[in-house]
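Here the structure is laid out as structure tokens; the discussion comes afterwards.
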Amino acid sequence: RTKIYSRDRNLWHISHEGGELESPANAPPEDVWMMTADPTAAPDTPQEISVGFVAGSGTDGFNDASGATAQFNKPTGLAIDANGYVFVANLLGPNVRMIAPDGVVTTLLSTGLTEPLGVAVHPTSGDVYVTEFRAHKVLAFQTSPSAPTASPTAPTLPALTWRAGDGTQDHSDGSLLAAALEAPYHLAFDVGGDIVVAEPTRLRRITILGRADTFVGNGINAHTPGMRLRASLGGATGVAVDPAGTMFVAEFTVCVVSE
């Protein structure tokens, strides 16, 4: 055969498919590098990345077990603590599950949850924070005071100590119980220790002083850069903060990541 691959080429790139490339386990042969150098021949040292399997059977369900025997039901949020424990917001559990470094899955939180969508773990205290999407709340499960430990491999089981949001789907700033949140998605910590929560058209900030305020966004579902409260966000679903304090926002509706 003179033509092994199917090639799609334009001004900016060329892609190949077919032949030994059909298996992701095979490294691409030298003749596919037509517009760039083979990475192994490039100046930088090549880096190989392995994608591993942590836990889950691949079918919906509920089972606290190890590896592929464990079951989840629509996991939607992830966080990891300083000791390597992975926390999973299990939307239709509804619960928060925990994967230990040895692969054992346990249920960490379930009481009082309805639709946990996002989860974050404080990097030093181990406190767990959960967004309740349809209940329009953020729940804080803090390790002091704490409940009994869930299993011998688990860190201290946190207890529900406070919540932000009065449970109505609305937008109003104020104290934790008086403020109204609107379908909170994911959340992250900023460099000052405040919690930043992604809502569809805003970023809200829950401060260490016990308030929920609007941080970014004017309530219009669109992507319009501008000063904090004049900017528009188009379906903010994810948020992350780097060590320098720069904030990144995933805007689902407009397919944009903003800084």
[X] to [Y] - nearest heavy-atom pair and separation:
X	Y	result
Leu117	Thr76	O-OG1, 2.8 Å
Pro101	Gly84	CG-O, 3.9 Å
Ala240	Ala188	CA-CB, 4.3 Å
Leu139	Gly112	CD1-O, 4.2 Å
Ala198	Gly238	CB-N, 4.1 Å
Val130	Val119	CG2-CG2, 4.4 Å

Next item on the list: Any pair with a residue in residues 225-238 that passes side chain to side chain donor-acceptor pair (under 3.5 Å), sequence neighbours left out, goes on the list, sorted by first then second residue, please.
Entry: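 Sorted result for residues 225-238: Asn218-Ser232.
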
Notebook entry, point to check: Are Val54 and Val86 close enough, and set up right, to give a side-chain contact (heavy atoms from CB on, under 4.5 Å), and what steps lead you there?
Noted result: CA-CA 10 Å; Val54 178; Val86 179; 5.7 Å; no

Does one hydrophobic cluster hold both [X] and [Y], with members joined at side-chain heavy-atom distances below 4.5 Å?
X	Y	result
Val138	Phe141	no
Leu160	Ile206	no
Leu91	Leu187	no

Next item on the list: Taking salt bridge (charged side-chain N to carboxylate O under 4.0 Å, His left out) as the test, write out the residues that go with Arg211, two or more places apart.
Entry: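 Residues passing salt bridge (charged side-chain N to carboxylate O under 4.0 Å, His left out) with Arg211: Asp213.
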
Check: salt bridge (charged side-chain N to carboxylate O under 4.0 Å, His left out) with Glu251: which residues, sequence neighbours excluded?
Finding: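 Glu251 satisfies salt bridge (charged side-chain N to carboxylate O under 4.0 Å, His left out) with no other residue.
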
Would you say [X] and [Y] make side-chain contact, with heavy atoms under 4.5 Å?
X	Y	answer
Glu259	Met247	no
Leu78	Phe87	no
Phe248	Ser258	no
Ser125	Gln142	no
Leu229	Thr214	yes
Met98	Leu109	no
Thr201	Ile220	no
Val96	Val88	no

Next item on the list: For the residue pair Asp64 and Thr107, confirm or rule out a side-chain donor-acceptor distance under 3.5 Å.
Entry: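 Per modelled atom types, Asp64 and Thr107 side chains form a pair under 3.5 Å.
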
Output yes when a side-chain donor or acceptor of [X] lies under 3.5 Å from a complementary backbone atom of [Y], and no otherwise.
X	Y	result
Asn90	Asn73	yes
Asn95	Arg97	no
Asp81	Asn83	yes
Glu199	Pro184	no
His136	Thr168	no
Asp242	Ala244	yes
Thr114	Ala135	no

Margin query: Assess the residue pair Val121 and Ile80 against the criterion (side-chain contact (heavy atoms from CB on, under 4.5 Å)); give the C-alpha distance rounded to whole Å, side-chain angles, the decisive distance to 0.1 Å, and a yes or no.
Written below: CA-CA 7 Å; Val121 180; Ile80 187 167; over 6 Å; no

Checklist line | Sequence neighbours excluded - ring-ring contact (aromatic ring centres under 6.0 Å, His included) pairs with any residue from residues 179-205 | finding: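 Of all non-adjacent pairs touching residues 179-205, those that pass ring-ring contact (aromatic ring centres under 6.0 Å, His included) are His122-Phe189, Tyr129-Phe189, Phe133-Tyr185.
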
Notebook entry, point to check: If you look only at pairs with a residue in residues 163-178, which of them pass as a salt bridge (Lys or Arg N to Asp or Glu O under 4.0 Å), with sequence neighbours excluded?
Noted result: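 Listed once each, the pairs are Asp173-Arg204.
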
Notebook entry, point to check: In chain order, what residues pass the side-chain contact (heavy atoms from CB on, under 4.5 Å) check against Arg205, with sequence neighbours excluded?
Noted result: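 side-chain contact (heavy atoms from CB on, under 4.5 Å) list for Arg205, sorted by chain: Asp190, Asp194, Thr207, Phe215.
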
Note to self: What verdict does the side chain to side chain donor-acceptor pair (under 3.5 Å) test give for Gln71 and Thr59, after you've listed the backbone C-alpha separation in whole Å, the side-chain angles of each residue and the deciding distance to 0.1 Å?
What the structure shows: CA-CA 7 Å; Gln71 288 182 302; Thr59 58; 3.1 Å; yes

Check: Going through the distances and angles, do Leu176 and Trp162 end up as a side-chain contact (heavy atoms from CB on, under 4.5 Å)?
Finding: CA-CA 8 Å; Leu176 295 179; Trp162 57 259; 3.8 Å; yes

Next item on the list: Assess whether side-chain contact (heavy atoms from CB on, under 4.5 Å) is satisfied between Val216 and Leu233, documenting all intermediate values.
Entry: CA-CA 8 Å; Val216 177; Leu233 298 177; 4.3 Å; yes

Notebook entry, point to check: What is the distance from atom CG of Asp102 to atom OG of Ser66, rounded to the nearest 0.5 Å?
Noted result: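 Nearest 0.5 Å value for the CG-OG distance: 6.5 Å.
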
